[in-house]
Amino acid sequence: MSYYDQVKDAADAIRSRIPEVPQVGVVLGSGLGDFASSLDAPVTMPYGELPYWPASRVVGHEGKLVVGKTRGRTIAALAGRSHLYEGRDVRAVTFAVRALGLLGVRTLILTNAAGGVNTGFSRGALMVIDDHINLMGSNPLVGENDERFGARFPDMTEVYSSRLRGIADRQGTAIALPLPHGIYAGVLGPSYETPAEIRYLRTIGADAVGMSTVPEAIAARHMRMDVLGISCITNMAAGVLPQPLDHAEVMETARRIRGQFTALLEGIIGQL
Ligand code: HPA
């Protein structure tokens, strides 16, 4: 069975279980999965119940799709994602985004936990992604192109929609939340970066670094979805502070800011 047909099967399975097709998809980063539980009239689908869906195995990534309502809009929230560092094929990593695309989602909000490369940031800040640098050593469009998804050589001039970034800014102002913008560097992981790698990333123009989002954003643009990216700066990147990095800090920071994060997300969704 072709990859396209597998994705379509998954999208059809979702459609058969929900009363209304969601307009907006949200991929929730490490420690940010709570947002899915805040939706009204939720239909919860553990990934294991959806055909061909790759399961997530990372601590802090729950592994479920929740379709529900907030601010009068129907949302598809993904708590738990697959990462390249798990040894997954790039197509597995982008399966969920593809399925939302075939389901009919036109606006995709990608969130993640990221290290702060820009020394002007502090732990707990939220950053609007203006653009990305793909250093993951792969691309989700490698291999035969299925035109039913999109073009062979899709444009990446504006991966992150300027219209959606503007909406995020207005919501940040409305809730008095400082919302810096920056460039997200996507790396393979799973080891954190060395201080030398962080200096390199700063030199090439990165403000934040993380191990997700880039493949999903590329696949979403391939399908002509509008993308917004928000990073939670869960820690300062390696070498910025005189202390080692650790996943527990990442999770703790994400949990600490979840109130702000939820308020921002709900505000943005209300404006879409
Ligand atoms: N580096 C890469 N990925 C991350 C980091 C980091 O410092 N923090 C959270 N995800």
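Note that ligands are numbered from 1 as they come in the structure, with each ligand's atoms numbered from 1 the same way.
- Identified under the ring pair (Phe, Tyr, Trp, His ring centres under 6.0 Å) test for residues 89-113, with sequence neighbours left out: Trp53-Phe95.
- Exactly one residue among Pro46, Ser38, Pro42 makes a side chain to side chain contact (heavy atoms under 4.5 Å, CB included) with Val66. That residue is Pro42.
- Here the CD1-CD distance, from Ile75 to Gln23, works out to 7.0 Å after rounding to the nearest 0.5 Å.
- Residues meeting the salt bridge (Lys or Arg N to Asp or Glu O under 4.0 Å) test with Arg73, sequence neighbours left out: none.
- Partners of Thr70 by side chain to side chain donor-acceptor pair (under 3.5 Å), not counting sequence neighbours: none found.
- Every protein residue with a heavy atom nearer than 4.0 Å to ligand 1 is included here: Ala113, Ala114, Gly115, Tyr192, Glu193, Val209, Gly210, Met211, Thr234, Asn235, Leu245, Val250.
- Using a cutoff of 4.0 Å between basic side-chain nitrogens and carboxylate oxygens, Lys8 and Asp12 are scored as salt-bridged.
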